[in-house]
Amino acid sequence: VKLKECNKGVFIPTAFTPNGDGKNDIFRPMLFGRVKKFDITIYNRWGQIIFHSSEPLKGWDGKVKGLIQDSSVFVWTCMYQMEGEAVKKEQGTVVIIQ
């Protein structure tokens, strides 16, 4: 019997609500499978890096220099490699909803 891995890859949300209610307060990708490499960077509307991590389980809390950001759109880029696969690069946007 060979097990089938149904969920494999990365899902990156398009919005989150960092309002401190304990639900959806952190923006981070959901990773399915064994991750060999990971890197995510989030930019503000002026192209400044406001968050970066190479740790798959570390997410962005919606703060920049300790201040929660207003409702806005932010751009992210993500590079990852799952075990047995080539390196993949994705980009997109995430919205903070207050």
Side-chain angles (χ1 to χ4, degrees):
V1 176
K2 185 176 179 181
L3 294 176
K4 181 179 179 185
E5 195 170 340
C6 296
N7 290 332
K8 191 172 184 182
V10 175
F11 170 75
I12 302 177
T14 56
F16 74 119
T17 57
N19 57 11
D21 68 355
K23 299 175 186 176
N24 202 25
D25 286 333
I26 304 291
F27 170 75
R28 72 174 149 247
M30 290 193 286
L31 306 166
F32 304 100
R34 294 188 179 167
V35 180
K36 288 183 69 177
K37 293 181 183 177
F38 178 81
D39 191 84
I40 190 164
T41 305
I42 301 173
Y43 304 86
N44 64 15
R45 70 179 81 189
W46 298 280
Q48 298 166 320
I49 295 173
I50 57 171
F51 177 82
H52 174 263
S53 179
S54 296
E55 299 176 39
L57 299 178
K58 184 177 179 184
W60 180 44
D61 61 3
K63 295 179 182 175
V64 176
K65 297 181 181 177
L67 299 173
I68 191 73
Q69 299 300 289
D70 292 328
S71 294
S72 189
V73 178
F74 298 85
V75 174
W76 57 262
T77 59
C78 185
M79 180 280 304
Y80 62 93
Q81 182 179 18
M82 306 305 279
E83 187 174 79
E85 296 184 3
V87 173
K88 296 180 182 175
K89 295 180 182 178
E90 294 187 29
Q91 63 185 22
T93 58
V94 61
V95 178
I96 288 182
I97 300 172
Q98 295 290 347

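- Rounding to the nearest 0.5 Å places OG1 of Thr77 at 9.5 Å from CD1 of Ile12.
- To the nearest 0.5 Å, atom NZ of residue Lys88 and atom NZ of residue Lys37 are 14.5 Å apart.
- Residues Asp25 and Asn19 form a side-chain contact, since some pair of their non-hydrogen atoms from C-beta on lies under 4.5 Å apart.
- Across all their heavy atoms, Ser72 and Arg45 have their closest contact at OG-NH2, 3.1 Å.
- A 4.5 Å side-chain heavy-atom check between Pro29 and Phe38 finds at least one atom pair inside the cut-off.
- Nearest heavy-atom pair, Pro56 versus Val35, reported as atom, atom and distance to 0.1 Å: CG-CG1, 4.3 Å.
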Criterion side chain to side chain contact (heavy atoms under 4.5 Å, CB included) on Ile96 and Phe27, from CA distance to verdict: CA-CA 9 Å; Ile96 288 182; Phe27 170 75; over 6 Å; no
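- In Asp70, the CG atom is not crowded: 12 or fewer heavy atoms of neighbouring residues, nucleotides or ligands sit closer than 6.0 Å.
- Checked against the 6.0 Å centroid criterion, the rings of Phe51 and Trp76 do not qualify as a close aromatic pair.
- By the rule that hydrophobic residues join a cluster once side-chain heavy atoms approach within less than 4.5 Å of another member, Phe16 and Val75 end up as members of separate clusters.
- Tested against Phe74, the residues Trp60, Trp46, Tyr43 include a single ring pair (Phe, Tyr, Trp, His ring centres under 6.0 Å) partner, Trp60.
- To the nearest 0.5 Å, the span separating CD on Glu90 from CD1 on Ile40 amounts to 9.5 Å.
- Expressed to the nearest 0.5 Å, how far CE of Met82 lies from CG of Leu31 amounts to 6.0 Å.
- Between Thr17 atom OG1 and Asn24 atom CG the span is 4.5 Å, to the nearest 0.5 Å.
- By the 4.5 Å heavy-atom criterion applied to side chains, Lys63 and Ile50 are not counted as neighbours.
- Between Ile68 and Gln98, the closest side-chain pair of non-hydrogen atoms falls below 4.5 Å.
- For the pair Arg28 and Leu57, the tightest heavy-atom approach, listed with the atom from each and the gap, is NH1-O, 3.5 Å.
- A donor-acceptor contact shorter than 3.5 Å links the side chain of Ser53 to the backbone of Glu55.
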Criterion side chain to side chain contact (heavy atoms under 4.5 Å, CB included) on Lys58 and Ile26, from CA distance to verdict: CA-CA 9 Å; Lys58 184 177 179 184; Ile26 304 291; over 6 Å; no
